[in-house]
Amino acid sequence: MFKKISSVVGISLTLLVTSYAVPLTITSEEAVAASIAKDVSQSHWASSSITHMLDKHYMTNDENGYFRPEQPITRAEAAAAIARSMQLKFESSFSPDFTDLSDNHPYYKEICALVERGVLQNGDYFYPDTPLKRMHITKLLTLAYKIEVDSENTSKFNDVTEGHWAKDYIESLADVGVIKGINGQQFGPNQLVTRAQFASLVERSLDFSSKVTNYEIAYDYLSKSYMSTKNYSSSMSNDVIQLINNERQKKKLQPLSFDAALTQIAVIKAQDMVNRHYFEHESPYYGMPWDLATLFDYSYTSLGENIGRNIPSPEAAVKAWMASPAHRDNILRENYTNTGVAIAIDSKGNYYWVQLFSSQ
């Protein structure tokens with residue numbers, strides 16, 4: 001199963017097992033929105049974020065065309081903007097228990113949508129006109145944009161002590177760069193969030209969420225932190241897939257489909273081999289490839305892995321794998337449908353190659 005070809009090394013492994021986007025609804029209230037606010041100059045620190053929020057109709061100017069950037073944002077205004085940025089449908093018949101929120105409130109449907117999804121907590125009172133505090137927005141953003149929260153964080157603030165209800169939300173959001181402290185030591189949990197600050201926070205949250213969706217970052221449930229999962233060379237990876245499919249075509253087999261999620265798992269494995277200085281199917285940290293796939297919520301019915309080291313090009317990688325019976329068996333396995341290929345590079349410039357195969 002293990003074979004060395006001159007200076008290139010490859011290992012193959014197989015496991016067989018059995019086993020939001022909808023059109024934005026724009027209300028009549030939003031029609032007053034404009035991409036340029038009269039009171040926000042281009043030199044304003046949050047100008048680009050505010051323009052983004054207005055362009056997308058997540059936030060609005062008032063009837064006179066003023067954004068009021070330094071005005072504290074209310075709980076209702078924040079809920080409406082977040083619900084719109086999530087592009088939720090507002091057609092549900094769900095009704096919360098709030099006694100201080102009537103169904104003719106301008107943001108009633110948006111608030112209902114967030115309560116129904118667990119982003120806002122249901123209860124007797126919502127306090128729609130109360131200004132939003134910094135500690136409250138951290139919970140709101142992590143729930144809305146599905147940012148993982150844990151208690152193992154590097155960000156610490158001396159005014160957010162052990163036992164504070166929002167400590168994990170605050171520190172987790174600070175760790176990923178969505179929010180910052182008011183200075184190097186303090187977070188200011190009770191300070192109010194201005195409309196300009198809110199626009200910036202939502203934009204950063206959307207950007208972070210987009211990176212997760214596009215498989216650029218992933219949350220590691222073992223280390224309790226997010227990691228970058230950018231492939232060293234997508235073009236080289238694509239070349240490998242093309243070459244592999246050429247080999248499959250020769251045997252009249254169906255081509256393997258590029259799988260972005262599986263590619264992310266391959267990136268994690270390649271980076272892990274470089275970072276932990278090993279070259280094996282079993283990671284000393286993550287375990288076997290199927291353990292790694294399961295940890296990162298990848299579903300499959302069968303899984304296989306080819307790895308290589310000191311291979312200079314996609315052509316050389318495929319040639320080396322095809323010369324090895326175990327690697328070739330993975331490449332030509334009939335039941336595989338998907339594949340992901342990743343390359344990582346060590347400090348000496350050596351390439352580590354990982355190709356994962358799966359059937360769905």
Side-chain angles (χ1 to χ4, degrees), residues 37 39-41 43-54 58-62 66-86 98 100-101 107 110-111 114-115 119-121 123 125-209 226:
D39 55 348
V40 179
S41 67
S43 61
H44 189 283
W45 70 270
S47 175
S48 62
S49 298
I50 292 170
T51 299
H52 180 207
M53 295 297 108
L54 294 174
Y58 301 156
M59 298 178 72
T60 64
N61 291 323
D62 64 18
Y66 293 96
F67 185 78
R68 313 291 182 187
E70 306 311 317
Q71 179 176 299
I73 193 165
T74 67
R75 287 168 55 85
E77 289 172 336
I82 287 175
R84 293 168 186 169
S85 75
M86 294 170 67
F98 303 131
D100 57 351
L101 187 73
Y107 304 133
E110 289 92 334
I111 293 168
L114 293 186
V115 175
V119 177
L120 292 175
Q121 186 174 348
Y125 300 98
F126 179 67
Y127 306 106
D129 298 324
T130 299
L132 189 66
K133 293 182 178 180
R134 282 170 56 82
M135 60 181 173
H136 293 133
I137 199 172
T138 59
K139 181 177 181 180
L140 190 56
L141 294 176
T142 55
L143 293 176
Y145 303 109
K146 298 181 180 179
I147 300 173
E148 296 289 344
V149 174
D150 58 58
S151 58
E152 299 180 22
N153 302 295
T154 58
S155 298
K156 302 294 178 184
F157 304 98
N158 59 24
D159 57 350
V160 182
T161 57
E162 290 292 337
H164 191 290
W165 72 267
K167 180 177 183 294
D168 291 346
Y169 295 107
I170 292 169
E171 293 176 354
S172 296
L173 208 60
D175 269 4
V176 299
V178 170
I179 201 167
K180 302 175 182 178
I182 58 175
N183 56 47
Q185 292 77 40
Q186 295 180 311
F187 181 75
N190 290 301
Q191 288 193 14
L192 302 181
V193 180
T194 68
R195 286 170 54 82
Q197 291 168 345
F198 177 82
S200 178
L201 290 170
V202 169
E203 186 175 49
R204 290 180 206 159
S205 297
L206 287 169
D207 180 64
F208 185 83
S209 179
Y226 280 94

Spatial distance of atom [atom1] ([X]) from atom [atom2] ([Y]) [nearest 0.5 Å]:
X    : Y    : atom1 : atom2 : result
Y125 : L101 : OH    : CG    : 13.0 Å
S155 : K167 : OG    : NZ    : 10.5 Å
I147 : R204 : CD1   : CZ    : 11.5 Å
I50  : R68  : CD1   : CZ    : 13.0 Å
I82  : E77  : CD1   : CD    : 12.0 Å
I137 : T142 : CD1   : OG1   : 10.5 Å

- Item | Donor-acceptor side-chain pairing of R134 and T138 below 3.5 angstrom | no
Pairing donors with acceptors under 3.5 angstrom, does anything connect the side chains of D175 and T154?
yes
Are any non-hydrogen side-chain atoms of [X] and [Y] less than 4.5 angstrom apart?
X    : Y    : answer
I182 : F157 : no
F126 : L120 : yes
D39  : P69  : yes
H136 : Y169 : no
K139 : V149 : no

Can you name the closest pair of heavy atoms from [X] and [Y] and give their distance?
X    : Y    : value
A196 : F67  : N-CE2, 4.2 Å
A76  : Y107 : O-CD1, 3.7 Å
M86  : A144 : CE-O, 3.5 Å
R195 : I73  : CG-CB, 4.0 Å
N153 : S172 : OD1-OG, 3.3 Å
H52  : E203 : ND1-OE2, 3.2 Å

**Request:** Take I179 and L201 through the side-chain contact (heavy atoms from CB on, under 4.5 Å) test and state the conclusion after the steps.
**Result:** CA-CA 7 Å; I179 201 167; L201 290 170; 3.6 Å; yes
Under 3.5 Å, sequence neighbours excluded: what are the donor-acceptor pairs made by side chains of residues 184-193?
{"residue": "Q186", "atom": "OE1", "partner": "N183", "partner atom": "ND2", "Å": "3.3"}

- Task: Walk me through it: do M53 and F198 pass the test side-chain contact (heavy atoms from CB on, under 4.5 Å)?
- Result: CA-CA 10 Å; M53 295 297 108; F198 177 82; 5.7 Å; no
- request: Output, in order, the C-alpha distance, side-chain angles, deciding distance and verdict of side-chain contact (heavy atoms from CB on, under 4.5 Å) for L140 and V119.
  value: CA-CA 6 Å; L140 190 56; V119 177; 3.6 Å; yes
- Give a yes or no on whether the backbone of S205 and the side-chain of S209 come within a donor-acceptor separation of less than 3.5 Å. no
* Asked: Is the NZ atom of K156 crowded by more than 12 outside heavy atoms at less than 6.0 Å?
  -> yes
Please evaluate residues I111 and F98 with respect to the criterion side-chain contact (heavy atoms from CB on, under 4.5 Å), reporting the C-alpha separation (whole Å), side-chain torsions for both, the decisive distance (0.1 Å), and the verdict. CA-CA 10 Å; I111 293 168; F98 303 131; 4.1 Å; yes
